[in-house]
Student: 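The structure is given below, and queries will be raised subsequently.
Chain letters run A, B, ... following the sequence lines, proteins first and then strands; every chain starts at 1.
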Number of protein chains: 2
Amino acid sequence: MKNKAAPHITVAIDCIVFGFDGSDLKLLLVKRGFNPEMNKWSLMGGFVNEDESVDDASTRILNKLTGLHGVYLEQLHTFGAVKRDTTERTISIAYFALIDIAKYKQQLSHDYHAEWFPIKNVPSLIFDHDAMVEEAKKRLQYKAALHPIVFELLPEKFTLPQIQSMYDAIYEVNFDKRNFSRKLLSTGLLIKLNEKDKAGSKKGAFYYMLDKEKYNENLYKIFSLIITPDHLQFL
Amino acid sequence: MKNKAAPHITVAIDCIVFGFDGSDLKLLLVKRGFNPEMNKWSLMGGFVNEDESVDDASTRILNKLTGLHGVYLEQLHTFGAVKRDTTERTISIAYFALIDIAKYKQQLSHDYHAEWFPIKNVPSLIFDHDAMVEEAKKRLQYKAALHPIVFELLPEKFTLPQIQSMYDAIYEVNFDKRNFSRKLLSTGLLIKLNEKDKAGSKKGAFYYMLDKEKYNENLYKIFSLIITPDHLQFL
DNA sequence: AACATTAAACGTTATTTTGACGTTTAATAG
DNA sequence: CTATTAAACGTCAAAATAACGTTTAATGTT
């Protein structure tokens, strides 16, 4: 099939930005600043330029809002219904990002009116953005079942109760804290520090960090956290 | 950001078609019929029309070559490097399909010169099609770890040695046949038939089929097939 | 200083699952 | 009737599991 007759379509990028603040999983939304659907909550997005790859475009767009570099960013799914945008035919390549909220600099929020929402309390969004968020949540569940990517949501040092809170939020279940802790520590992925975080209890919880040297050989062990039927409801 | 200034880009579909013939996992390739790269092996593809969604486009393109309906088709990844196509800027939305080769009607192969290749013996492909195949293999490994989608590669009735052969091919390992069989049967996903397939041995192997009634409640159990470190090398 | 309180840490137990592997069986060929 | 072959059936010690209880560290109050 020759290329010349092929239609040309506008290609957009939409970003589903997940953040964790130490106790809750959150989603970053922006107020749309123009018609149609002005002033409604939306995912952050933009268009792909002619001289950049779609991955470069998504990095540029994400950096423009958050000011962050080196954020975990993964392509999710391309949404391509004919009438998904009311102005003209547009396909959107959706990416999801994982951000430690403590690292997020809010310097751009006056430009975009960006705001974090708890994942359980997301307002209705424009176009197919609701569907994008659902798809991203599901992808996160799949990915986190077999890969420790959710550590991208944590700061360099974190506690066991914090990690568990994050897993509880992602899978929408309550893991047994004794079994969760035993299994996670048995993966060999963590280094225990001598400092404690006293914010959550009187005793204080030990800080941990990822053992980068053993990461590659132990990362597959993360699956053992989720093998109980209750934790596999997302399938 | 307003839409009017956004560039328009050609949007293509490329299909990675996996098939299983009862003993080997295979990939369907076509000989490219026009320049550039005429007569070289390539994935099957086409362009998205203005009046169809990307999912409809992929179904149309796949049906055009294979003649099959109801084929398992899943969006894989959008490839969007600037110069991935030498004629003009094109992004490609890659899908992978799973086909039972016995159902495949070769009526189109004179149009496209389509041919099955064993997954371990794939020739070099045009553009970024090699990367698409690698990405699809990895996605299949991820997906099959948590979901019994690979049954889409099997006929209605299949044997235990056939399923294992398929898993061995997907994960590039040799599962222990006694443990594999015990675990798979313990999922409750299969119904044992009274017929035997005598092609592979003198005793003959019992046929099984999927228990559709118990599918939803048992599908998560498929993960138990792959929890040994050797089987998780794809992570 | 003593006591109360709280969440984190440490732990127990019966059951289930696991990997590694051997043996028996069904059916065909000679 | 015997030999052969792959499928089916199985054993076993070790490891992991879910469910849950107890102890500890540290702070606040009296």
Student: Using side-chain hydrogen bond (donor to acceptor under 3.5 Å, both in side chains), reason through B:D197 and B:T159 one step at a time and then give a plain yes or no.
Tutor: CA-CA 7 Å; B:D197 168 26; B:T159 67; 4.7 Å; no

Student: What are the two closest non-hydrogen atoms of B:L62 and B:L73, and how far apart are they?
Tutor: CD2-CD1, 4.0 Å

Student: Yes or no on side chain to side chain contact (heavy atoms under 4.5 Å, CB included) for A:K26 and A:D21, after CA distance, side-chain angles and deciding distance?
Tutor: CA-CA 8 Å; A:K26 290 180 170 172; A:D21 67 357; 2.9 Å; yes

Student: Please give, in whole Å, the distance from C:dA8 P to A:K192 NZ?
Tutor: 14 Å

Student: Please list, chain by chain and in numerical order, all residues satisfying ring pair (Phe, Tyr, Trp, His ring centres under 6.0 Å) with A:F96, sequence neighbours excluded.
Tutor: none

Student: Which residues within residues 201-208 of chain B lie with some heavy atom under 4.0 Å of an atom in DNA chain C?
Tutor: B:K202, B:K203

Student: Against the six-membered ring of B:F18, is B:K137 placed for a cation-pi contact (under 6.0 Å from the centre, within 45° of the normal)?
Tutor: no

Student: How far apart are the closest heavy atoms of B:L25 and B:A169, and which atoms are they?
Tutor: CB-CB, 3.8 Å

Student: Can you build the contact string for nucleotides 11-22 of chain D? Use B for base contact, S for sugar-phosphate-only contact, and - for no protein heavy atom under 4.0 Å.
Tutor: ------BBBBB-

Student: Take the protein atom NZ of A:K198 and the nucleotide atom P of D:dT24, then report the distance between them rounded to whole Å.
Tutor: 18 Å

Student: Just how far, in rounded Å, is P of C:dA8 from CG of A:L185?
Tutor: 14 Å

Student: Measure from CZ on B:F180 to C1' on C:dT17 and round the result to the nearest Å.
Tutor: 17 Å

Student: Between B:D211 and B:K221, does at least one N-O distance fall below 4.0 Å, as a salt bridge requires?
Tutor: no

Student: Check the distance between D:dA7's P and B:N194's CG and give it to me in whole angstrom.
Tutor: 19 Å

Student: Report the distance from atom CZ of B:F175 to atom C1' of C:dC21, rounded to the nearest whole Å.
Tutor: 18 Å

Student: What residue among A:L190, A:L154, A:I191 forms side chain to side chain contact (heavy atoms under 4.5 Å, CB included) with A:L210?
Tutor: A:L190

Student: Keeping the roles fixed (side chain from B:S58, backbone from B:D55), state whether a donor-acceptor pair exists under 3.5 Å.
Tutor: yes

Student: For residues B:F223 and A:F223, establish whether the separation of their ring centroids is below 6.0 Å.
Tutor: no

Student: With sequence neighbours excluded, tell me which residues meet salt bridge (Lys or Arg N to Asp or Glu O under 4.0 Å) with A:D56.
Tutor: none

Student: Starting at CG of B:D197 and ending at P of C:dA27, how long is that distance when rounded to a whole Å?
Tutor: 13 Å

Student: Looking at residues 161-169 of chain B, who's got a heavy atom less than 4.0 Å off DNA chain C?
Tutor: none

Student: If the helix axis at each end comes from five base pairs, how far does the helix from C:dA1-D:dT30 to C:dG30-D:dC1 deviate from straight, to 10°?
Tutor: 0°

Student: Going by atom types only, do A:R182 and A:N179 share a side-chain donor-acceptor pair under 3.5 Å?
Tutor: yes

Student: D:dA26 P sits how many Å from A:E195 CD, rounded?
Tutor: 14 Å

Student: For A:D128 and A:A131, indicate whether the former's side chain and the latter's backbone hold a donor-acceptor pair under 3.5 Å.
Tutor: no

